[in-house]
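Hydrogens, waters and symmetry mates play no part in the numbers below; they use all other heavy atoms, side chains included.
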Amino acid sequence: MRKRFADLDQTWPAGLGRRLGAMIYDALILMAIWMLLGFLAVAINGGEANTSPLFHSLLFVATFAFFAFFWMRGGMTLGMQAWRLRVETPEGLSLTLPQCLMRFLAAGISFAALGLGYWWVLIDGERRGWSDIASGSRVVVVPKPGKNKSGKN
């Protein structure tokens, strides 16, 4: 079941700086997950490094599962929570699995294009990156608890 977010009138589009901050946090968490999977793969493989396509596929699926779980559950990865960001549909709903997949794949293309898909936030009138446009979503800044955009209680 999709979650409907209640504070839509108190959010605003996220800028590039916050997005990059959240990406760094999430990258650190993903590295820990990859290390754990790597340790398990080495143990299963008799102490030898595992460079098989199956292992790389496992890392890819684990990475997608990390993002999809958080995006569908509450719109925020752990890094996004730290930077008070949320991904949502324009209607204020959490993403569906197909939207998560499209967002994930477009983010990979954005990254592979030397970050151009993320820099796009600076020229798009709605501050959307390629992954936002491709998945029909947006990234917003959520207010601090007990505050709205203008800082009034």
Side-chain angles (χ1 to χ4, degrees), residues 1-41 55-153:
M1 184 169 165
R2 295 174 72 180
K3 181 174 182 169
R4 178 172 294 282
F5 302 111
D7 56 357
L8 299 180
D9 59 337
Q10 298 176 353
T11 62
W12 60 96
L16 184 60
R18 280 183 185 263
R19 289 173 184 243
L20 292 176
M23 282 185 227
I24 291 169
Y25 278 45
D26 287 333
L28 294 172
I29 295 165
L30 278 172
M31 280 191 272
I33 292 169
W34 294 340
M35 287 174 58
L36 177 62
L37 291 173
F39 289 142
L40 292 173
F55 177 65
H56 290 140
S57 297
L58 173 67
L59 292 177
F60 181 83
V61 169
T63 303
F64 171 68
F66 170 81
F67 286 108
F69 172 78
F70 286 108
W71 290 339
M72 290 172 58
R73 183 174 158 256
M76 300 173 150
T77 61
L78 298 173
M80 293 172 82
Q81 288 177 30
W83 287 88
R84 293 190 355 259
L85 299 177
R86 182 176 64 220
V87 63
E88 62 188 23
T89 67
E91 297 79 29
L93 299 170
S94 59
L95 302 187
T96 63
L97 188 59
Q99 284 178 303
C100 290
L101 181 60
M102 185 58 70
R103 182 174 184 78
F104 181 75
L105 294 175
I109 293 168
S110 296
F111 187 74
L114 304 176
L116 183 59
Y118 298 109
W119 290 101
W120 201 261
V121 169
L122 298 175
I123 60 172
D124 184 82
E126 297 176 41
R127 289 189 174 175
R128 296 173 303 164
W130 289 355
S131 55
D132 300 321
I133 295 166
S135 64
S137 63
R138 63 183 182 179
V139 177
V140 296
V141 179
V142 296
K144 290 182 182 178
K147 300 222 179 228
N148 63 20
K149 185 177 175 182
S150 64
K152 298 176 186 174
N153 285 334

What closest approach, in Å, do [X] and [Y] show between heavy atoms, and which atom pair accounts for it?
{"X": "L37", "Y": "A62", "answer": "CD1-CB, 3.6 Å"}
{"X": "S131", "Y": "S110", "answer": "N-OG, 4.3 Å"}
{"X": "R19", "Y": "A14", "answer": "NE-O, 3.4 Å"}
{"X": "A68", "Y": "L97", "answer": "CB-CD1, 4.3 Å"}
{"X": "V142", "Y": "M76", "answer": "CG2-CE, 3.6 Å"}

* Taking the six-membered ring of F5 (Phe, Tyr or Trp), confirm whether the NZ or CZ of R86 is under 6.0 Å from its centre and within 45° of its axis. =>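 Yes, a cation-pi geometry.
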* For the residue pair S137 and R103, confirm or rule out a side-chain donor-acceptor distance under 3.5 Å. =>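 Note: S137 and R103 side chains meet the donor-acceptor criterion.
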* Step by step, would you call L114 with W119 a side-chain contact (heavy atoms from CB on, under 4.5 Å)? -> CA-CA 9 Å; L114 304 176; W119 290 101; over 6 Å; no
Is [X] atom [atom1] crowded by more than 12 heavy atoms from other residues, nucleotides or ligands, each under 6.0 Å away?
{"X": "F66", "atom1": "CZ", "answer": "yes"}
{"X": "W130", "atom1": "CH2", "answer": "yes"}
{"X": "M23", "atom1": "CE", "answer": "yes"}
{"X": "R2", "atom1": "CZ", "answer": "yes"}

* **Verdict with reasoning, V61 to L58, per side-chain contact (heavy atoms from CB on, under 4.5 Å)** => CA-CA 5 Å; V61 169; L58 173 67; 5.6 Å; no
Counting N and O atoms only, with roles assigned by atom type, does the side chain of [X] sit under 3.5 Å from a partner on the main chain of [Y], one being a donor and the other an acceptor?
{"X": "S94", "Y": "K3", "answer": "yes"}
{"X": "R18", "Y": "W83", "answer": "yes"}
{"X": "R84", "Y": "V141", "answer": "no"}
{"X": "D132", "Y": "G129", "answer": "yes"}

Mind checking the [atom1]-[atom2] spacing from [X] to [Y]? Nearest 0.5 Å is all I need.
{"X": "F69", "Y": "C100", "atom1": "CZ", "atom2": "SG", "value": "11.5 Å"}
{"X": "I109", "Y": "L116", "atom1": "CD1", "atom2": "CG", "value": "12.0 Å"}
{"X": "M35", "Y": "L30", "atom1": "CE", "atom2": "CG", "value": "13.0 Å"}
{"X": "Q10", "Y": "K144", "atom1": "CD", "atom2": "NZ", "value": "14.0 Å"}
{"X": "M102", "Y": "L95", "atom1": "CE", "atom2": "CG", "value": "12.5 Å"}
{"X": "W71", "Y": "S135", "atom1": "CH2", "atom2": "OG", "value": "7.5 Å"}

Is there side-chain contact between [X] and [Y], with at least one heavy-atom pair below 4.5 Å?
{"X": "P143", "Y": "T11", "value": "yes"}
{"X": "D124", "Y": "I133", "value": "yes"}
{"X": "T63", "Y": "F104", "value": "yes"}
{"X": "L93", "Y": "Q99", "value": "no"}
{"X": "L78", "Y": "Y25", "value": "no"}

* Asked: Under 6.0 Å between ring centres, would you say that holds for F64 and F60?
  ->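 Between F64 and F60, the centre distance exceeds or equals 6.0 Å.
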